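Owing to the predicted nature of the structure, the values given are computational and were not obtained by experimental measurement.
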2 protein chains.
Amino acid sequence: MGIDRRKLIVEAAEKSFSLFGYKATTMDQVAKLASVGKGTIYTFFKNKEELFAEIASTLVHEMKAEAEAVIQPGLPFTENVHRALFRMLEFRSEHLLMIKLIQEEKEMGTLAVTEMLQHIENEIIAYIKHKLEGVNHTILQTDLEITSFLLFKLYIALVSDWEKNHEALSSEKIAEIMKVFLLKRLSD
Amino acid sequence: MGIDRRKLIVEAAEKSFSLFGYKATTMDQVAKLASVGKGTIYTFFKNKEELFAEIASTLVHEMKAEAEAVIQPGLPFTENVHRALFRMLEFRSEHLLMIKLIQEEKEMGTLAVTEMLQHIENEIIAYIKHKLEGVNHTILQTDLEITSFLLFKLYIALVSDWEKNHEALSSEKIAEIMKVFLLKRLSD
DNA sequence: AAAATGACTATTTTTGTTTTTTGGTCATTT
DNA sequence: AAATGACCAAAAAACAAAAATAGTCATTTT
């Protein structure tokens, strides 16, 4: 078999989105970077947005994998929840594409980017919910949804928002705060 | 004594900022609305931003007054914290000026508005902190800061953010969630 | 004399127009 | 059958001209 053009395209796009953002990435550029004719891109993806969707989907998978990798069966449940969440937010602030997208959303408000970030957020919350599901059967479905949502918001607040006006909190401190919150939420 | 021109100006500005936002309010317009020469405005306020600051300051005072008004000495502490916070966020979503500023910040990203909203947020957090201070002496200063900050973020998440994708939560539900959080934070 | 004013100005913002860029197509080539 | 890049309509950027605006200050009013 010849070269995997689809893969070349996805890799080129990932690189370009990470480096220049969504708006500033042109299809011509992706084609050139992938050493592929522009038309070829459209044999694999309906349009720019679908190409973007594919890459974001990979990103979410990676993020979940990172979270899973950090969970250790021996540790207490709340500790694992913290480790997974913290790892995901770490990932969020390390991953070049994530950084670029968050910046583009803030500075230019590109619609496709806003929607994508919202989608990623929903995916993360759904993942948290899924993880919590198996553990405590007495909790109501609504409460599970709220709890997942709040956990995420709590973490964003502690990891990202707090930094804007204060010195960053240590992972341990965050774990401590979150343990109190989570324990109480899941045990009544 | 003659007419209080300063008051006329402040009232006109408040009305115009509420109706059209910061950017779209012109000094000529404020002067006309206040039936005052434009130069007169500058005898009371250094520039447009200071006029804005005065009005925002009044807003914060009103907001605190609303919070105070809803606190009842007989009720349990956590109940009062909830009532005060909930009232402030209600105020936030009822008060015309607040609504307009939040909208302007989102849609146009006017710098002066962003800064002002940040300032208001800080004031609210400081107020919460002040209220918590008297109650529990064993709590650390840092934790007090974090707790106030989190309380605010928690409320914004429950009252504003949640609504974007779900049906709004009742005041009672929010009170319940928050009680768990607050009780635990303040009692160890 | 003190307070108030609005014509004036330098700067910013908006508007209208032209040029360039870009996403997507499709007839041709590999 | 798969890949391509010249091509096109539509969007965005660049530019210029016109309009609007924050702030000043010489003149007028009290």
Could you tell me how far apart [X] ([atom1]) and [N] ([atom2]) are, to the nearest whole angstrom?
{"X": "A/Lys32", "N": "D/dA6", "atom1": "NZ", "atom2": "P", "answer": "10 Å"}
{"X": "A/Phe52", "N": "C/dG24", "atom1": "CZ", "atom2": "P", "answer": "14 Å"}
{"X": "A/Leu51", "N": "C/dG24", "atom1": "CG", "atom2": "C1'", "answer": "13 Å"}
{"X": "A/Met27", "N": "D/dT4", "atom1": "CE", "atom2": "P", "answer": "14 Å"}
{"X": "A/Glu49", "N": "C/dG24", "atom1": "CD", "atom2": "P", "answer": "8 Å"}
{"X": "B/Phe20", "N": "D/dA20", "atom1": "CZ", "atom2": "C1'", "answer": "16 Å"}
{"X": "A/Arg6", "N": "D/dA3", "atom1": "CZ", "atom2": "P", "answer": "12 Å"}
{"X": "B/Ile3", "N": "C/dA4", "atom1": "CD1", "atom2": "P", "answer": "9 Å"}

Within the pair A/Arg5 and D/dA3, is there a side-chain N or O less than 4.0 Å away from OP1 or OP2? yes

B/Lys48 side chain near D/dA22 phosphate (N/O to OP1/OP2, under 4.0 Å):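 Checking B/Lys48 against D/dA22: at least one side-chain N or O falls below 4.0 Å of OP1 or OP2.
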
By nearest nucleotide on DNA chain C, pick out whichever of A/Tyr22 and B/Thr43 is the more 5' one. B/Thr43

Name the residue closer to the 5' end of DNA chain C, choosing between A/Thr25 and B/Met108 according to the nucleotide with the nearest heavy atom.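 Residue closer to the 5' terminus by nearest nucleotide: B/Met108.
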
A/Lys23 near the nucleic acid: base, sugar-phosphate alone, or nothing, with a heavy-atom cut-off under 4.0 Å?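 Sugar-phosphate: the residue A/Lys23, judged by heavy atoms under 4.0 Å, touches backbone atoms but no base.
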
How is A/Thr40 classified with respect to the nucleic acid when contacts are heavy atoms under 4.0 Å: base, sugar-phosphate, or nothing?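 Base contact - A/Thr40 has a heavy atom under 4.0 Å of at least one base atom.
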
If you apply the rule side-chain contact (heavy atoms from CB on, under 4.5 Å), what do you find for B/Leu150 with B/Leu154, and how did you get there? CA-CA 6 Å; B/Leu150 285 184; B/Leu154 199 65; 5.8 Å; no

Among the nucleotides [options], which one has an atom lying closest to any side-chain atom of [X]?
{"X": "B/Val36", "options": "C/dG24, C/dT5, C/dG6", "answer": "C/dT5"}
{"X": "A/Thr26", "options": "D/dT24, D/dT4, C/dT22", "answer": "C/dT22"}
{"X": "B/Phe44", "options": "C/dA4, D/dA6, C/dA7", "answer": "C/dA4"}

Measure from NZ or CZ of B/Lys129 to the centre of the six-membered ring of B/Phe152 and say whether it is under 6.0 Å with the direction within 45° of the ring axis. no

Cation-pi check, A/Lys64 to A/Phe91: give yes when NZ or CZ is under 6.0 Å from the six-membered ring centre and within 45° of the ring axis, no otherwise. no

For B/Glu123, which of B/Val60, B/Leu59, B/Ile128 qualifies under side chain to side chain contact (heavy atoms under 4.5 Å, CB included)? B/Val60

C/dC8 pairs with which nucleotide, Watson-Crick or G-U wobble, both distances below 3.5 Å?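 Here C/dC8 is engaged in a pair, and the nucleotide opposite it is D/dG23.
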
Charged N to carboxylate O below 4.0 Å: is that the case for B/Asp143 and A/Lys173?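 Here B/Asp143 pairs with A/Lys173 in a salt bridge, since their nearest N and O are under 4.0 Å apart.
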
